[in-house]
Amino acid sequence: MSTEAAEGTRARAAEARMAEAVIDDAMMESMRAKIGVDLRIGHSVNNEEATRIAVAKFAGGIGDINPLWTDAERGTRSDYGAPVAPPSFVIGCFSGIQFGWPGLGSFHSSTDMDLLAPIYWNDKITATCRYDGFTGPRPSKFAGRMVTDHFTNTYRNQRGEKVAEIRWQVVNYERATARSAKNSRKPLEIPHPWMPDEVAEIETRVLAEKPRGEEPLWWEDVTVGDPVAPLTKGPIGLTDEVAFIAGGGTPIPRLKAHAASLSDYAAHPAWAFRDPATGAREPIYAVHYNEAAARAMGVAYPYDVGFQRQCWQIQLMTHWIGDAGWVKHLTSQYRGFVYLSDVIELGGVVTGKEVDADGEHVVRVQTFARNQRGDDVMPGTAVVALPSRENGPTPAARRARGAS
């Protein structure tokens, strides 16, 4: 491509615009009428059955190398007694939905998650999503005024057992104001200018980070103040985002091509925008891999997905606690964007331990996810159940199918 053509493409990309609106009384009244409704989510369900391939694709899509999820013999040998999926697999079934507030930008801002039972290979997962209402509007330095939506996702297996519940929030903001605010902020150097030796060191670190596996982490051996073994992600690349989508992660709605996508966009114009560089209609979800989409949303560069970051937090904990432990509860706040080219180091510190109301020996952890600029882009917490030398069985065994 000639220099002139390249400059023209960049200029057109810079001009990309999505529909824009401001928060007004009519918009808020319309949303109040929807509070308590179970939403139609069929177009955003990405997996229904935890087949061997579906589990492998999901684990690969979040970068989880734990063989417990992909090796049938390993799963059968474990306390689960059969091949099992990562607890985050529900996110690959259904995570979120584009809902309401036409003309506003939006981003996932926080999650509160209970993991209740294992998902075994070939389990069928049914998800529901309830709209619990919104808070605001409130002023924001990022974008004039914002409102925050609240949702509850519930996941059940084919026996009707609840395996997980996710309570999550989405911030909706005025795009035009966000774009003006972005122009007034100090620009970041994006993509990050990594040197070859820096990238080599990062990749060496990533390859050295292994899950605990079959060696138990005993509750009695954990002390308040202990660090959680770190987990590194990055430099985040385009294929990392594509792999997350291919594994079932959060295309809202499911990605389609040609007539299939155009039919959807004709029925739901707010789901898409026209890429000025290619002339094609692209889904709003393309902000995670398309520079023109990200800029039209008022963001400097393509960025990760909130629920993708959530999967990293869960992987941090399953790596640390080993096959015999169980992640019971997590919270997370998504602060700032993880841009393509960023490197994220996840970790945490033990803040407490106790025997909880369920009679399980649990450890409480404060977690973090820091980028190369030192920003904690996902502060959070976790509660994990660990095996006890004195008071078995292990948490995994307690939750195994058929256990009392």
Arg205 bridged to Glu201 by N-O distance under 4.0 Å: yes
Centres of the Trp271 and His43 rings: under 6.0 Å? yes
Tell me whether Glu360 is salt-bridged to Lys328, with the criterion being a basic N under 4.0 Å from an acidic carboxylate O. yes
Kindly state whether the ring of His150 and the ring of Phe134 have centres lying under 6.0 angstrom apart. no
Aromatic rings Trp168 and Phe151: how do their planes relate, parallel, tilted or perpendicular, breaks at 30° and 60°? parallel
Is any side-chain N of the basic residue among Asp264 and Lys256 closer than 4.0 Å to the acidic one's carboxylate O? yes
Can you see whether Asp342 engages Gln372 through a side-chain donor-acceptor pair at a distance of less than 3.5 angstrom? yes
Would you call the rings of Tyr155 and Phe94 parallel, tilted or perpendicular, where under 30° means parallel and over 60° means perpendicular? tilted
Salt bridge present between Arg167 and Asp132 (N-O < 4.0 angstrom): no
Indicate, with yes or no, if the rings of Trp69 and Phe58 have centres closer together than 6.0 Å. no
Can you tell me how the ring of Phe337 sits relative to the ring of Phe107, calling it parallel under 30°, perpendicular over 60° and tilted otherwise? perpendicular
Under 3.5 Å donor-acceptor, Gln308 side chain and Ile62 backbone: no
Hydrogens and angles aside, do Tyr334 and Ser332 bring a side-chain donor and acceptor to less than 3.5 Å of each other? yes
Is it true that Arg309 and Asp304 have a side-chain N and a carboxylate O under 4.0 angstrom from each other? yes
Trace of the salt bridge (charged side-chain N to carboxylate O under 4.0 Å, His left out) decision for Lys233 with Glu345: CA-CA 6 Å; Lys233 299 289 184 178; Glu345 180 186 348; over 6 Å; no
Which distance, rounded to the nearest 0.5 Å, do you find between the CD1 of Ile41 and the CZ of Arg130? 12.5 Å
If the plane angle is over 60° it's perpendicular, under 30° parallel, otherwise tilted; pick one for Tyr303 and His288. perpendicular
In plain terms, say whether Asp323 and Arg212 are close enough for a salt bridge, that is, a side-chain N and a carboxylate O under 4.0 Å apart. no
